[in-house]
Visitor: 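Next up is a structure, given as structure tokens.
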Number of protein chains: 2
Amino acid sequence: MATKHEIGTRERIIRATSRLMQRQGYGATGLKEISREAEATLGSVYHFFPGGKQELAVEAVRHGDREFTELLRTVFDRVDDPAAAIIVCARDLSTGLRDSGWLDGCPVTTTALESAGRLPDIQRAAEEAFENWRGLVRDKLRRSGFDEDVAHDLAHTVINTLEGAEMSAQVSQSEAPLEIAGRHLARLIDSYR
Amino acid sequence: MATKHEIGTRERIIRATSRLMQRQGYGATGLKEISREAEATLGSVYHFFPGGKQELAVEAVRHGDREFTELLRTVFDRVDDPAAAIIVCARDLSTGLRDSGWLDGCPVTTTALESAGRLPDIQRAAEEAFENWRGLVRDKLRRSGFDEDVAHDLAHTVINTLEGAEMSAQVSQSEAPLEIAGRHLARLIDSYR
DNA sequence: CATGCGATAGAACGAGCGCTCTATTCACTA
DNA sequence: TAGTGAATAGAGCGCTCGTTCTATCGCATG
């Protein structure tokens with residue numbers, strides 16, 4: 001298989017873990033399923049991730065963090081106005097979700113909720129992801145002239161509303177929640193100008 | 001045990017399932033764990049829920065639906081202004097979450113995300129829960145004089161933002177996300193008057 | 001060619017899973 | 001009092017889980 005040697009076993013394992021846990025959560029994802037999906041053996045999995053399933057989940061969450069960070073950066077670079085940029089983000093999430101057959105929601109949320117209060121390492125990784133995303137939004141708003149306090153609070157609600165809307169969109173298999181969320185967030189941002 | 005005969009085995013099993021799945025998700029919750037927590041035997045569990053784990057999860061989600069519905073109804077009855085009512089809801093969620101040691105988040109979200117696209121019965125129950133909650137918010141707004149379209153869209157974002165903020169609050173173990181969400185949602189609602 | 005080591009390979013372990021099954025208890029009616 | 005069916009009880013089924021372990025492979029360096 002071509003991808004096997006171009007990407008590397010370790011990275012392939014992380015990607016498989018991320019996608020599987022994104023779709024079915026931490027508990028329902030088995031290590032043998034991961035090794036099968038990644039076209040690696042169980043030995044390789046434990047060779048690269050001696051911490052086992054938990055270490056694997058942490059890396060998967062960080063991978064999801066990087067993915068969404070990249071989406072935010074790309075949109076923020078291309079769209080100057082922050083309110084307009086958020087609408088684009090919402091639409092990107094919406095189409096991505098629909099194109100996956102409503103299977104691939106936020107790669108962090110599912111695992112985060114399952115691990116909250118029980119698996120500290122995974123929870124911390126998820127917390128860092130949300131922090132990073134909020135930081136990107138806050139900086140974008142700051143660069144557009146918003147006050148520090150306003151930008152800080154708006155960043156919270158932008159990320160949280162997108163998260164909630166994506167979850168809702170996935171469960172109801174509809175693009176409406178994210179479309180509405182984009183419009184409302186833009187209106188909220190504009191109300192602080 | 002007093003509660004054993006006052007509540008009834010069936011209801012006790014549903015409550016145990018709901019709380020366990022709320023905290024650790026569908027996959028990580030075992031039937032023996034449920035029967036232990038509910039002070040019932042495995043035989044009783046299958047007697048009342050012959051559909052097994054999936055039927056149990058559906059009932060647990062519906063139980064969570066009723067819980068949040070009751071919270072919304074109570075607050076909406078007591079607080080006339082819809083924007084003020086949403087702030088109260090956000091604070092109630094926040095204190096409830098903190099008082100549980102950041103363990104008891106939304107009783108529907110975790111199970112819903114795990115089952116999306118894989119376990120249709122559970123997904124449908126979760127979808128109905130969100131629909132019910134949106135309906136309550138929409139009616140509240142309608143009764144306060146908002147247009148049908150505006151109320152419909154606002155109901156989406158109110159529920160989704162509260163959901164996202166509660167998830168964020170749980171993961172970061174902080175009351176800030178829900179406090180900010182309440183303020184922003186009130187501002188958004190007021191902007192349509 | 002020989003040595004060493006990261007990487008691959010998968011058998012095997014104990015534990016726990018969802019679920020089935022039979023046996024027993026209990027309250028109530030014929 | 002005998003009979004009936006709901007409810008309780010838990011042993012045991014086949015299976016998969018996360019993890020451990022030993023054996024082998026590929027390949028760079030001596």
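Numbers restart at 1 for each chain; the letters A, B, ... are given by sequence-line order, proteins then strands.
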Visitor: Check each residue of residues 47-62 of chain A for a non-hydrogen atom within less than 4.0 Å of any atom in DNA chain C, then write out the ones that pass by number, or none.
Guide: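 Result for residues 47-62 of chain A: H47(A), F48(A), sorted by number.
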Visitor: For D80(A), look at atom CG and say whether over 12 heavy atoms of other residues, nucleotides or ligands are found less than 6.0 Å away.
Guide: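 No.
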Visitor: Going by distance alone, is a donor N or O of one side chain under 3.5 Å from an acceptor N or O of the other, for Q24(A) and E33(A)?
Guide: yes
Visitor: With salt bridge (charged side-chain N to carboxylate O under 4.0 Å, His left out) as the test, would you mind laying out the steps for E11(A) and R15(A) before giving the verdict?
Guide: CA-CA 6 Å; E11(A) 182 67 18; R15(A) 293 191 191 189; 3.3 Å; yes
Visitor: Salt bridge check: are E128(A) and R124(A) linked by an N-O gap of less than 4.0 Å?
Guide: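 The answer is no: the pair does not qualify as a salt bridge.
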Visitor: Could you check if a side-chain atom of M167(B) sits within less than 4.5 angstrom of a side-chain atom of E163(B), using non-hydrogen atoms only?
Guide: no
Visitor: Using a 4.0 Å cut-off on heavy atoms, which residues in residues 20-33 of chain A reach DNA chain D? List them by number, or say none.
Guide: T29(A), G30(A), L31(A), K32(A)
Visitor: Quick check: closest heavy atoms across H63(B) and I14(B), and the distance to 0.1 Å?
Guide: CB-CG2, 3.8 Å
Visitor: Within less than 4.0 Å of OP1 or OP2 of dT8(D), is there a side-chain N or O belonging to S44(B)?
Guide: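 Checking dT8(D) against S44(B), a side-chain N or O does come within under 4.0 Å of OP1 or OP2.
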Visitor: Closest approach of A112(B) and V171(A), non-hydrogen atoms and distance?
Guide: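 Heavy-atom minimum between the residues: CB-CG2, 3.9 Å.
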Visitor: Please state whether the rings of W133(A) and F130(A) are parallel, tilted or perpendicular, taking 30° and 60° as the class boundaries.
Guide: perpendicular
Visitor: Tell me whether the OP1 or OP2 atom of dT8(D) has a side-chain N or O from T9(B) closer than 4.0 Å.
Guide: yes
Visitor: Return the value, rounded to whole Å, for the distance between atom CG of L42(A) and atom P of dG10(C).
Guide: 10 Å
Visitor: Once you round it to whole Å, what is the distance between P of dA7(D) and CD1 of I13(B)?
Guide: 11 Å
